[in-house]
There are 2 protein chains.
Amino acid sequence: MTDVPPAANPRPGARIRLLEAALRLVRERGYAATTVEDLCTRAGVTKGAFFHHFASKEALGVAAANQWTTNTRAFFAEAPYRAHADPLERVLGYLDFRKAILRGELPEFTCFAGTLVQEVFGTSAPIRTACEASITGHAAEVAADIAAAMERHGVRAGFTAESLALHSQAVLQGAFILAKATGRTDVAVESIEHLRRYVELLFQPTARERKDPP
Amino acid sequence: MTDVPPAANPRPGARIRLLEAALRLVRERGYAATTVEDLCTRAGVTKGAFFHHFASKEALGVAAANQWTTNTRAFFAEAPYRAHADPLERVLGYLDFRKAILRGELPEFTCFAGTLVQEVFGTSAPIRTACEASITGHAAEVAADIAAAMERHGVRAGFTAESLALHSQAVLQGAFILAKATGRTDVAVESIEHLRRYVELLFQPTARERKDPP
DNA sequence: TTGCAAACATACCAACCAGTCGGTATGTTC
DNA sequence: GAACATACCGACTGGTTGGTATGTTTGCAA
């Protein structure tokens, strides 16, 4: 369960390498199919080191999900679309950015949390919770921009910023599944383009509203 | 590798029970975490029967995916929304139907093919192919109605019926992941409602004017 | 009734797997 | 420099897993 590095400053050693191995291997082969020895081999450490840093394979799963949360938060915080002043442009820029990063092999750009939780939601509550936090936490950041855009531009009623943000995560997760099933990236790209068009339509003022601005 | 029942008509026995056990257990625990013995226990047969009907665990995976294709095709062919004369109403009726069937436990309504392919896309080409066929085959049926609706009603340009059909599958697959992560069904429902609104907006130019609440 | 193949069941195995344990090397503290 | 802590090593273990070898039963045609 617990796993936080013990206070001090352990040089980037076995622990972080094991977490990075997990981030990669689980997306490549899945959680159950990734053995502890696979992880050790990839990280270049021994089994002794693994169980020194993690109480169990499940504990590593939780720690890796938390690591994913940290990594993605930093990654999107630094992304260029964040610089837009208009929140609607940040929302659309986010979707363009998500589309642009679909490069390379599937395990490089798919979502670790989504992959993992799909497999273990029924068998490991701690991992499920960590993955849920990762996904809903990211959605909350997107929701903040959506809420600001709704405030600034007004919008066709009938939904909340939170639900649209979660919907965008659903589209992305589903796009990854389609890409895995077909082996093609362009189906994922097209799905994100549909989502972008949806957001544009939602924020496009109606004829009535254009004549009669707030 | 191959798996098709050998020509004749093997009465509903161990084989079909094993396939149904796979459909359930894989959605419950994932493919790798489901052992051959788990499947045998659930199906009420022995290991000997398992390997009499399937050359390997992988062969069962392929057969189960094909079984899923057959089951779902029949299920949607008989659904009430199919009776609508207007293809657009069939498309919207399809989405309402997908929303309505989100009842009971997660493993009862989630997509077997999507669950399975996410786990094995990199480790089993035969299974991946069978899952791909299942998903794209179903999407093709949806695409037929979308294409007819586009023909009948006209639509904002910029996309094909096929890509919108695949997008709808992405939304559904992603909605399942959100439901698994959060343990809640309503996030999936709301995502499908977003998708339905998107389709309505796409077809709005020629659809009747509707009054939105302020 | 016999013959025979498909449909099961029982017993077993070699490989594998998560986790354990005694031990070593290298600091850090007092 | 003694006492202690952290990081890491790798052989080992008890249980599990996919798969096999070898029966036994069942359905049915000749």
Side-chain angles (χ1 to χ4, degrees), chain A residues 1-22 25-26 28-64 116 119-120 123-127, chain B residues 1-22 25-26 28-65 67 116 119-120 123-127:
Chain A
M1 190 90 159
T2 177
D3 47 61
V4 180
N9 188 355
R11 299 153 308 147
R15 192 190 139 88
I16 193 71
R17 287 213 307 280
L18 281 166
L19 289 175
E20 260 147 34
L25 290 182
V26 169
E28 235 170 72
R29 326 174 184 173
Y31 174 77
T34 300
T35 71
V36 171
E37 265 193 14
D38 289 340
L39 293 160
C40 293
T41 302
R42 170 110 190 177
V45 303
T46 61
K47 241 178 187 182
F50 183 100
F51 285 101
H52 171 72
H53 288 286
F54 305 102
S56 63
K57 190 188 176 189
E58 185 181 44
L60 169 96
V62 172
L116 182 54
E119 199 176 334
V120 305
T123 49
S124 171
I127 295 181
Chain B
M1 224 73 69
T2 177
D3 49 64
V4 181
N9 189 355
R11 294 153 317 143
R15 192 190 139 87
I16 193 71
R17 287 212 307 280
L18 282 165
L19 290 175
E20 259 147 36
L25 290 181
V26 169
E28 236 171 71
R29 325 173 184 174
Y31 173 77
T34 300
T35 71
V36 172
E37 265 194 14
D38 289 340
L39 293 161
C40 292
T41 302
R42 170 110 190 177
V45 303
T46 61
K47 249 183 183 176
F50 183 101
F51 286 100
H52 171 73
H53 288 287
F54 305 101
S56 63
K57 190 188 174 187
E58 186 182 43
L60 169 95
V62 173
Q67 182 70 28
L116 182 54
E119 199 176 336
V120 304
T123 48
S124 172
I127 295 180

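Throughout, protein chains are lettered first and strands after them, A, B, ... in sequence-line order, and every chain is numbered starting at 1. Computed from a predicted model, the values in this text were never measured in an experiment.
Contact of A:K47 with C:dA18 (side chain to base): a donor-acceptor pair of N or O atoms is detected under 3.5 Å.
Taking atom NE2 of A:H53 as the reference point, atom P of D:dC9 lies 9 Å away to the nearest angstrom. D:dG18 atom C1' lies 10 Å from atom OH of B:Y31, rounded to whole Å. The distance between atom CZ of A:F51 and atom C1' of C:dG19, rounded to the nearest whole Å, is 5 Å. Atom C1' of nucleotide C:dT10 and atom CZ of B:F50 are separated by 17 Å, given to the nearest angstrom. When the P atom of C:dC16 is taken as reference, atom CD of B:E37 falls 19 Å away, rounded to whole Å. When the C1' atom of D:dA7 is taken as reference, atom CG of A:L18 falls 12 Å away, rounded to whole Å. A straight line from CZ of B:R15 to C1' of C:dA9 spans 20 Å, rounded to a whole angstrom. Summarising the geometry, the separation between CG on B:D38 and P on D:dT17 is reported as 7 Å, rounded to the nearest angstrom.
Of the candidates D:dC8, D:dG18, C:dC17, C:dC17 carries the atom nearest the A:T35 side chain, counting heavy atoms from C-beta on. Picking from D:dG18, C:dA9, D:dC9 the nucleotide with the shortest atom distance to the side chain of B:A49 gives C:dA9.
Between B:V26 and B:Y31 the shortest heavy-atom distance is CG1-N, 4.0 Å. Minimum interatomic distance between B:V45 and B:A14 (heavy atoms only, all atoms of both residues): CG1-CB, 3.6 Å. The shortest non-hydrogen separation linking A:A32 to B:A32 is CB-CB, 3.6 Å. Counting all heavy atoms, side chain and backbone alike, A:F54 lies closest to A:A63 at CE2-CB, 3.8 Å.
Within 4.0 Å of B:T46, counting heavy atoms only, lies at least one base atom of the nucleic acid.
Between the CD atom of A:E37 and the OG1 atom of A:T46 there is a distance of 10.0 Å, given to the nearest 0.5 Å. Here the OG1 atom belonging to A:T35 is positioned 7.5 Å from the NZ atom belonging to A:K47, to the nearest 0.5 angstrom. Note that CD of B:Q67 and CG of B:L18 are 11.5 Å apart. Values are rounded to the nearest 0.5 Å.
An OP1 or OP2 oxygen of D:dC8 is reached within less than 4.0 angstrom by no side-chain nitrogen or oxygen of A:H52. The phosphate of D:dG18 has OP1 or OP2 within less than 4.0 Å of a side-chain N or O from B:K57.
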Where do N or O atoms of nucleotides 23-28 of chain C meet protein N or O atoms at under 3.5 Å, pair by pair?
none

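Taking for each of A:G48 and A:V36 the nucleotide of DNA chain C with the nearest heavy atom, the 5'-most of the two is the partner of A:V36.
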